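Quick caveat: nothing in here was measured; it's all calculated off a predicted structure. A note on names: the letters A, B, ... follow the listed sequences, proteins ahead of strands, and every chain is numbered from 1.
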2 protein chains.
Amino acid sequence: MPTLKEVAKYAKVSITTVSRVMNEADKVNPETRERVQRVMRELDYQPNRVAQRLRTSKGQSKLLGLIIPDIQNQFYSSIVRGVEDVAYGKDYAVILCNSDENPTKERFYLDVLQSESVDGVILPPIHQYSKVVEGLIESGVPVVCVDRKLVREAVDTVVVNNEKGGYLAVKHILDFGHKRIAILTSSSQFSSFDERLTGYKNALKDHNIALDDELIKEGDPRSTESAYLFTKELLRLSNPPTAIFATNNLMTLGVLEAVHEEQLNVPDDISIVGFDDMPWARAISPPLTVIKQPGYEMGRRATELLFQRFEDPKREPVQIIMEPTLIIRKSTGRVK
Amino acid sequence: MPTLKEVAKYAKVSITTVSRVMNEADKVNPETRERVQRVMRELDYQPNRVAQRLRTSKGQSKLLGLIIPDIQNQFYSSIVRGVEDVAYGKDYAVILCNSDENPTKERFYLDVLQSESVDGVILPPIHQYSKVVEGLIESGVPVVCVDRKLVREAVDTVVVNNEKGGYLAVKHILDFGHKRIAILTSSSQFSSFDERLTGYKNALKDHNIALDDELIKEGDPRSTESAYLFTKELLRLSNPPTAIFATNNLMTLGVLEAVHEEQLNVPDDISIVGFDDMPWARAISPPLTVIKQPGYEMGRRATELLFQRFEDPKREPVQIIMEPTLIIRKSTGRVK
DNA sequence: TGAAAAGATGAAAACGTTTTACTCTCATTA
DNA sequence: TAATGAGAGTAAAACGTTTTCATCTTTTCA
């Protein structure tokens, strides 16, 4: 690959001048500029980003770091796509990392990203208190949290109103007259699932329905497996639920599989509400009623927040709370 | 962040010695080594990868480039995950790029990757003849093609036997006695779709069924939309198909949606075979019969090929052809 | 007309590593 | 005893940029 030096040689100027032509900073004589640009074109010169990065310590790497739990979860694919699209618009590339909710991996990738001197990092933090993430922020790397919050409030954050999402889902079912509504949620420390559960509880309370611990199942949101098993369990109850609320898309799949295996009719025998509006939700039969989170949009907004921070590092951190929407299709109905 | 220089200062040695301690190349006096390592730990020293990269031109960046059409296509998510997992195992990070099948974007990202001096690149090439990709290879960057081939044979490649996949799918339907089988495939230049279509044609020929152009629809494999429209069209035919073969997962979704909208019963009114075994395929009702491609495994193998090439740049390029498998579920059945 | 300002350019330092070439000390060998 | 070699370390160059500082022209205007 040609270097600045070669361009300079052919254009018969110093490398400083070539550099100036690129960065438009100071003025360069139009003729010289023209000549240099021609040579650059002829040699198909591409600046070496590594060298650029080494020299300009902050904010010029044109690289973003993105750490997500698992790209195979379509909700995160949407976020990734949103991030990538706005990054591309600004000539940025993205380093993608899958943490598997494993703090060791998160740590590893955070170190890599820092040592790659990325301009900024976007991530749903694994823990609400995260030493590593805090450390990153302290050391001056712009960070945006997406999907999940940090306890510390001084970080740009994009989340959806999960509580409302949970509430909307459950209220919708309640309106059909259901009394026994099960929820499949995560056992872990993630703010998002906690809040969805809170929404569930609030909706029940508002309808004067007592909580039944039997109907609250906390499983692993990373696979369909545990939801499948819990659903089977729920259906075997002496007084089984007439509706199930699954709090993410993988869990929804588990519920669906179990319900079909039991030959239950949806929604006549059981109503189902999912979380996340995946492409398959409208294609299946019956089409699935879901709470939609705007994943793609969240990725976009998070990245925009990051770019805004590059421009104005002193800006007050903001929290963007996006609205979930209830998309009513055919998987919910009157209790029989 | 602490630098080599600081470590050297505290350990009272030259930076050369510190560098040696890190890279174990030459021997360092055990006592000195111990002292240096202690200081490194105390300062929480992380080598600056950018500087490392700049200095050691080839094969030390610990970065891989991965360009895929669209991360929102779950087949590609699987590949990405496979790549990431083996990369992580070798302390590599991955720069992920979405090309949208757009040569301009592909070009942009390829430039970025090269100028980031990644150690290698994995991609399904957009065109079978690709100047840009060829150029990259010529310039010495290890490249592995995955999912799609380049015409040039001297590249490591991991693909599935698409022709066989197509054949398997159609033969399965034929065995149920179907005569009118539609195929939804891509209009474009991708080797994979071409081959699936060839498989379709061969299966029909082997069963002495004439091709009917009416039943071959070439649409956009990047969205569900065109498949949906084509399916509607097919169903309105005076002599409509009794089975549909959709050649990727997005198209399958389009078919499903249209079929349900028309209130058709699967498989009694119409049989459906999809391509790609997505998590939702087994969860829906009826569970979907599909041709499974081992996406995750393909990602893994491709990455392993890349690492092998790092070790032995002279190695003969290999083509790995993976076997597709027919997974029979309930969306296919006897023609009524 | 001459001093100052502006315009155009270049030399060299710096970023944080790795690597080459060198120095110094001490033990071994002929 | 002198020559050789091994062991342990260092100084400095190099990677390809950006940036600081300096230099040389040319223009401006009192």
- Closest heavy-atom contact between B/C145 and B/L150?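 Of all heavy-atom pairs spanning B/C145 and B/L150, the closest is SG-CD2, 4.1 Å.
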
- Describe, as an angle rounded to 10 degrees, how the axis at the first end of the helix from C/dT1-D/dA30 to C/dA30-D/dT1 is tilted relative to the axis at the last end, five pairs per end.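 Helix axis angle between the two ends: 60°.
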
Distance, rounded to the nearest Å, where [X] contributes [atom1] and [N] contributes [atom2]:
X     : N      : atom1 : atom2 : value
A/E31 : C/dT9  : CD    : C1'   : 14 Å
A/L54 : D/dC15 : CG    : C1'   : 9 Å
B/R33 : D/dG9  : CZ    : C1'   : 14 Å

- Query: For A/V50, which contact category applies under a 4.0 Å heavy-atom criterion: base, sugar-phosphate, or nothing?
  - Reply: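 If one applies the 4.0 Å heavy-atom cut-off, A/V50 turns out to touch nothing in the nucleic acid.
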
- Counting distance only, does the side-chain N/O of A/S139 pair as donor-acceptor with the main-chain N or O of A/L136 below 3.5 Å?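 At least one qualifying donor-acceptor pair exists.
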
- Hey, what's the ring geometry for B/Y92 with B/F307, parallel, tilted or perpendicular (30° and 60° as the breaks)?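 If you compare the ring of B/Y92 with that of B/F307, the planes turn out perpendicular.
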
- Message: Quick one, B/R315 and B/D156 - any side-chain contact, counting heavy atoms below 4.5 Å?
- Response: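 Yes, at least one pair of side-chain atoms sits under 4.5 Å.
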
- Is there side-chain contact between B/L123 and B/Y109, with heavy atoms separated by less than 4.5 Å?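 Sidechains of B/Y109 and B/L123: no contact.
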
- Task: Among the candidates D/dT10, C/dG10, D/dG9, find the nucleotide nearest to the side-chain atoms of B/N29.
- Result: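 Looking only at heavy atoms from C-beta outward on B/N29, the closest nucleotide is D/dG9.
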
- OP1 or OP2 of D/dA8 under 4.0 Å from side-chain N/O of B/T32: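 Answer no for this pair, as no side-chain N or O of B/T32 is under 4.0 Å from OP1 or OP2.
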
- Does B/T17 have a side-chain nitrogen or oxygen under 4.0 Å from the phosphate oxygens OP1 or OP2 of D/dG9?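 No, because none of the side-chain N or O atoms of B/T17 sits under 4.0 Å from OP1 or OP2 of D/dG9.
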
- Using distance alone, with no hydrogens and no angle criterion, decide if B/Y76 and B/N98 have a side-chain donor and acceptor under 3.5 Å apart.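 Judged by distance alone, the side chains do not pair up.
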
Which pairs, protein N/O on one side and nucleotides 17-19 of chain D N/O on the other, fall under 3.5 Å?
residue: D/dT17; atom: OP1; partner: A/Y45; partner atom: OH; Å: 2.9
residue: D/dT17; atom: OP1; partner: A/N48; partner atom: N; Å: 3.2
residue: D/dT17; atom: OP2; partner: A/L4; partner atom: N; Å: 2.7
residue: D/dT17; atom: O5'; partner: A/Y45; partner atom: OH; Å: 3.2
residue: D/dT18; atom: OP1; partner: A/N23; partner atom: ND2; Å: 3.4
residue: D/dT18; atom: OP1; partner: A/Q52; partner atom: NE2; Å: 3.2
residue: D/dT18; atom: OP2; partner: A/S19; partner atom: OG; Å: 2.7
residue: D/dT18; atom: OP2; partner: A/N23; partner atom: ND2; Å: 3.4
residue: D/dT18; atom: O2; partner: A/R55; partner atom: NH1; Å: 2.2

- Determine whether more than 12 heavy atoms belonging to other residues, nucleotides or ligands lie under 6.0 Å from atom CZ of A/F310.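 Yes, the 6.0 Å shell around CZ holds more than 12 heavy atoms from other groups.
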
Could you list the donor-acceptor pairs under 3.5 angstrom formed between side-chain atoms of residues 5-15 of chain A and any protein atom two or more places apart in sequence or on another chain?
residue: A/E6; atom: OE2; partner: A/T3; partner atom: N; Å: 3.4
residue: A/S14; atom: OG; partner: A/T16; partner atom: N; Å: 3.3
residue: A/S14; atom: OG; partner: A/T17; partner atom: N; Å: 3.3
residue: A/S14; atom: OG; partner: A/T17; partner atom: OG1; Å: 3.3

